[in-house]
Number of protein chains: 2
Amino acid sequence: MRLPEGVEWALHCTWLLTLARDGDALPARRLAEFYGLPEAYLAKLLKALVRAGVLSATSGPRGGFRLARPPEAITVAQVVEAVEGQSPLFHCMEIRQRGPVPLTGAACRKPCGIAKVMHRAERAWRKELAATTVADLVETSGIGAVTRVSTWLATLPGAS
Amino acid sequence: MRLPEGVEWALHCTWLLTLARDGDALPARRLAEFYGLPEAYLAKLLKALVRAGVLSATSGPRGGFRLARPPEAITVAQVVEAVEGQSPLFHCMEIRQRGPVPLTGAACRKPCGIAKVMHRAERAWRKELAATTVADLVETSGIGAVTRVSTWLATLPGAS
DNA sequence: GAGTATTTACTCGGATACTCGCTGTCCGAGTAGGGCCGG
DNA sequence: CCGGCCCTACTCGGACAGCGAGTATCCGAGTAAATACTC
């Protein structure tokens with residue numbers, strides 16, 4: 001099993017938009033160009049981020065995407081959930097209720113031990129993702145990564 | 001994204017084999033019957049558990065699967081990895097090295113902040129899975145689940 | 001009855017199709033900036 | 001020169017194909033028990 005690659009793209013783009021939040025909005029065309037990604041599919045992901053309230057979109061010339069909230073209020077978990085949907089990694093199929101001797105009734109009110117462990121692990125995973133904000137990502141970015149973005153932003157047509 | 005359903009099946013079967021470890025080996029046919037699962041596909045998963053050293057298989061009449069190690073020495077993480085393969089949930093594609101202004105050289109020796117967060121979260125996930133053994137699952141099982149298995153095992157042809 | 005060779009039925013093991021979600025793509029609706037015209 | 005109108009080009013938004021991992025399945029190799037036969 002593997003997390004969709006789009007999660008990584010969404011995180012990188014959100015990080016980039018944080019660095020550029022004082023300037024104009026960046027269209028999907030530019031973001032895809034910067035990271036060498038397929039434009040149309042990246043637009044699909046950014047759309048999901050807009051629906052989740054992480055980004056805001058502007059149509060028309062000089063339009064594009066920008067952060068909908070300050071980066072301190074955007075966690076990595078929220079970006080992941082925006083792309084992935086909020087479906088849990090583990091969904092118990094209740095196979096204990098199947099077969100010739102099904103276990104049903106009051107015995108199944110509580111999840112089984114396997115589901116408990118999987119859910120506990122998933123909570124630990126999400127907790128770590130929620131503990132880091134996009135602002136934290138920017139702060140811990142290497143100086144090389146930041147200057148790389150600044151240099152590229154300066155080459156854009158609408159650079160101030 | 002969703003974990004494969006086979007992970008759940010493998011965990012339930014390992015748990016069941018722990019309860020039955022004093023008796024005969026259980027063939028995939030019986031396990032699939034008990035949980036109402038497709039026999040051939042379950043056999044494929046059990047095969048993976050054998051390759052991982054979690055189960056041992058015996059061919060021929062009265063053959064089947066049993067635990068290869070005491071249940072205290074089998075963690076949930078090992079069962080998950082046996083089925084899933086040990087590929088990580090998040091694999092950084094290094095998109096920072098792509099595009100018109102690639103970031104290459106010494107700046108990419110260390111993983112980016114996004115990869116760090118994802119890896120940290122994944123370690124937390126695996127740590128929780130490794131903290132629980134199959135023996136723990138049996139101990140915390142409800143009495144209903146245990147009696148259900150005992151009742152069913154008694155109906156088997158080779159029941160002692 | 002005991003031992004042995006044979007038969008038999010049952011098991012795992014690997015190789016082979018099918019299905020759904022992630023990936024990738026397209027065109028249409030909407031918007032805002034720029035250009036043109038008239039006053 | 002200034003204001004208003006129109007046009008254009010650019011953006012997002014939703015709907016439509018392609019591929020790979022997961023799902024499902026089959027048949028062959030191997031084994032151990034049960035059987036039949038012989039002594």
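Order of the sequence lines sets the chain letters (A, B, ...), proteins ahead of strands, with each chain counted from 1.
Scanning DNA chain D 5' to 3' for nucleotides with an atom closer than 4.0 angstrom to a non-hydrogen atom of chain A gives a first and last hit of dC10(D) to dG22(D).
When rounded to the nearest whole Å, the span between CZ of Arg2(B) and C1' of dC20(C) equals 9 Å. Put simply, CG on Leu45(A) is 10 Å from P on dG24(C), counting in whole angstrom units. Rounded to whole Å, the distance from CG on Leu37(A) to P on dG24(C) is 9 Å. Counting to the nearest Å, the P atom of dA32(C) and the CZ atom of Arg62(A) are 13 Å from each other. What separates OH of Tyr41(B) from P of dT19(C) is a distance of 15 Å, to the nearest Å. Straight-line distance from the NZ atom of Lys44(B) to the C1' atom of dG13(C): 10 Å, rounded to whole Å.
Mapping Gly6(A) and Ser59(A) onto DNA chain C by nearest heavy atom places Gly6(A) closer to the 5' end of the strand. Of the two residues contacting DNA chain D, namely Pro61(B) and Met1(A), the nearest-nucleotide position lying further toward the 5' end is that of Met1(A).
Ser141(B) meets the side-chain hydrogen bond (donor to acceptor under 3.5 Å, both in side chains) test with Trp15(B); sequence neighbours excluded. The salt bridge (charged side-chain N to carboxylate O under 4.0 Å, His left out) test applied to Glu94(A) returns Arg96(A), not counting sequence neighbours.
Between Leu55(B) and Lys47(B), every side-chain heavy-atom pair lies at or beyond the 4.5 Å cut-off. With a 4.5 Å cut-off on side-chain heavy atoms, Arg21(B) and Arg66(B) do not count as touching.
Residues Leu45(A) and Gly6(A) approach most closely at CD1-CA, 3.5 Å, considering heavy atoms. In this structure, Leu89(A) and Glu122(A) approach most closely via the heavy-atom pair N-OE2, 2.9 Å. Shortest non-hydrogen contact noted between Thr147(B) and Gly144(B) is OG1-O, 2.9 Å. Here the closest non-hydrogen pair linking Ala115(A) and Phe90(A) is CA-CE2, 3.8 Å. Residues Arg69(B) and Gly53(B) share a closest heavy-atom pair of NE-O, 3.5 Å.
Contact annotation for Ala28(B): backbone-only contact, meaning every heavy-atom pair under 4.0 Å involves sugar-phosphate atoms and none involves a base. Using a 4.0 Å heavy-atom criterion, one finds that Ala43(B) contacts no nucleic acid atom at all. Among the protein residues, Glu5(B) comes within range of the sugar-phosphate backbone only, with heavy atoms under 4.0 Å from sugar or phosphate atoms but none that close to a base. Residue contacts for Pro38(B): at a heavy-atom cut-off of 4.0 Å it reaches the sugar-phosphate backbone alone, with no base atom in range.
Within residues 46-55 of chain B, the residues that have a heavy atom under 4.0 Å from DNA chain C are, in order of number, Lys47(B), Arg51(B). The stretch residues 82-91 of chain A does not touch DNA chain C, since none of its heavy atoms comes less than 4.0 Å from the strand.
In the hydrophobic clustering of this structure, Leu103(A) does not group with Val146(B); members are Ile, Leu, Val, Met, Phe, Trp, Tyr whose side-chain heavy atoms approach within less than 4.5 Å, directly or through other members.
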Output side-chain donor-acceptor pairs under 3.5 Å for residues 26-36 of chain B, partner residues at least two apart or in another chain, one line each.
unit_1: Arg30(B); atom_1: NH1; unit_2: Glu33(B); atom_2: OE1; d: 3.3
unit_1: Tyr35(B); atom_1: OH; unit_2: His12(B); atom_2: O; d: 3.2

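Nearest nucleotide to the side chain of Ala40(A), out of dG24(C), dT31(C), dC26(C): dC26(C).
Checked for salt-bridge contact, Glu81(A) and Arg126(A) meet the test: a charged N lies under 4.0 Å from a carboxylate O.
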